[in-house]
Amino acid sequence: MKNIVLIGFMGTGKTSTGRLLASRLGCAFVDTDQKVEEEAQMSVGEIFARYGEPHFRALEAAVVQQVARSRQTVISTGGGVVLQPENMRALRERGAIVALTASVDTILERTSRRHARPLLEQEDRRQTVEALLSERRELYRQADLMISTDGITPLQAANQIINFIRKGGV
Ligand code: S3P
């Protein structure tokens, strides 16, 4: 099996779906944000606050190059991984790309629970989400499969991906 790479905006459920998917498939799971945090020994929020977004993007790109070489692994990515074409090129080499999507309302609701997303720490969160989404929507469309996660659980999303794999999509 190829790697399964989950891309998508913040709050679309990449990490929880990825974890469940890996356990259902009996394969390894890796999350690029988590790996960046382990390597930097700092949270994503701290990296942004202390060194800024470009530094985070450089750490993220290095982690992507590393995890893209895995085999039989579910790779969950940070929402901005699609911004650097070389990230997607590396991930695609051994992976099928699955994009998780969600409406602005769903994203706002899911991301309101945890304050770990520096890009959304703005006064007008709705406007911020809409602006980022309009910059990125086309990039998320590069996926081999797109799943709307509005109103479904991570387990249901994982099952949709498993059906896709069984039908030979991967
Ligand atoms: C980001 C998404 C975050 C994290 C960082 C930047 C983005 O990951 O990588 O805060 O640019 O969309 P999640 O999508 O897992 O929240």
Side-chain angles (χ1 to χ4, degrees), residues 3-22 28-68 70 73-88 90-91 95 97-143 145-150 152-154 157-158 161:
N3 295 326
I4 308 287
V5 180
L6 300 184
I7 63 169
F9 201 77
M10 294 169 263
T12 52
K14 297 173 300 257
T15 305
S16 25
T17 303
R19 212 172 256 130
L20 278 165
L21 178 63
F29 171 72
V30 59
D31 178 276
T32 59
D33 281 338
Q34 223 169 41
K35 214 157 164 56
V36 166
E37 291 185 333
E38 276 165 26
E39 294 194 356
Q41 306 239 319
M42 225 181 281
S43 71
V44 169
E46 276 177 276
I47 300 171
F48 267 75
R50 287 171 69 168
Y51 305 108
E53 183 175 348
H55 184 73
F56 172 77
R57 296 296 174 207
L59 296 178
E60 181 178 59
V63 160
V64 165
Q65 292 303 322
Q66 196 186 324
V67 302
S70 319
T73 298
V74 175
I75 302 170
S76 158
T77 63
V81 151
V82 291
L83 297 171
Q84 299 182 75
E86 55 279 20
N87 288 344
M88 295 311 294
L91 289 165
I97 313 289
V98 177
L100 301 186
T101 67
S103 67
V104 172
D105 285 337
T106 302
I107 288 169
L108 286 171
E109 208 229 62
R110 290 189 190 147
T111 55
S112 67
R113 295 179 207 136
R114 217 162 44 98
H115 295 284
R117 278 145 173 142
L119 290 179
L120 299 185
E121 280 162 22
Q122 304 290 333
E123 202 148 305
D124 193 337
R125 294 176 67 250
R126 177 175 292 274
Q127 197 193 19
T128 305
V129 168
E130 280 170 352
L132 285 171
L133 262 178
S134 71
E135 279 169 32
R136 297 180 179 180
R137 210 168 260 123
E138 279 309 312
L139 300 172
Y140 296 133
R141 290 208 178 112
Q142 309 167 54
L145 170 70
M146 293 187 78
I147 295 176
S148 162
T149 64
D150 287 317
I152 67 168
T153 62
I161 298 169

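Note that ligands are numbered from 1 as they come in the structure, with each ligand's atoms numbered from 1 the same way. One-based numbering along the sequence shown.
Less than 4.0 angstrom separates some heavy atom of Pro118 from each of these atoms of ligand 1: 10 (O). Taking every heavy atom of Gly78 and a limit of under 4.0 angstrom, the matching atoms of ligand 1 come to 8 (O), 9 (O), 14 (O). The distance from ligand 1 to the heavy atoms of Val44 drops below 4.0 Å at these ligand atoms: 5 (C), 10 (O). Residue Lys14 has at least one heavy-atom neighbour below 4.0 Å for each of these atoms of ligand 1: 13 (P), 14 (O), 15 (O).
Using a 4.5 Å cut-off on side-chain heavy atoms (C-beta onward), Arg110 and Thr149 make contact. Looking only at side-chain heavy atoms (C-beta outward), Thr128 and Leu119 stay at 4.5 Å or farther from each other. Looking at heavy atoms from C-beta onward, Glu86 lies out of side-chain contact with Val64 at the 4.5 angstrom threshold. Looking at Leu132 and Glu135, their side chains come closer than 4.5 Å, going by heavy atoms from C-beta outward. Counting heavy atoms from C-beta outward, Leu20 and Thr153 have side chains that stay 4.5 Å or more apart.
Contact annotation: for Thr12 versus ligand 1, there are no heavy atoms closer than 4.0 Å. Contact annotation: for Arg57 versus ligand 1, heavy atoms closer than 4.0 Å belong to the side chain alone. With a 4.0 Å heavy-atom cut-off, ligand 1 is reached by the side chain of Arg136 but not by its N, CA, C or O.
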Enumerate, atom names and distances included, each donor-acceptor pair closer than 3.5 Å involving a side-chain atom of residues 32-40, sequence neighbours excluded.
unit_1: Thr32; atom_1: OG1; unit_2: Gly78; atom_2: N; d: 3.0
unit_1: Glu37; atom_1: OE2; unit_2: Val44; atom_2: N; d: 2.8

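Residue contacts with ligand 1: Thr15 is excluded, as none of its non-hydrogen atoms falls under 4.0 Å.
For ligand 1, the polar-atom distance check finds no N/O of Phe56 at less than 3.5 Å from any of the ligand's N/O atoms.
Applying the side-chain hydrogen bond (donor to acceptor under 3.5 Å, both in side chains) test to pairs two or more places apart or on separate chains, those with a residue in residues 6-22 are Thr15-Asp31.
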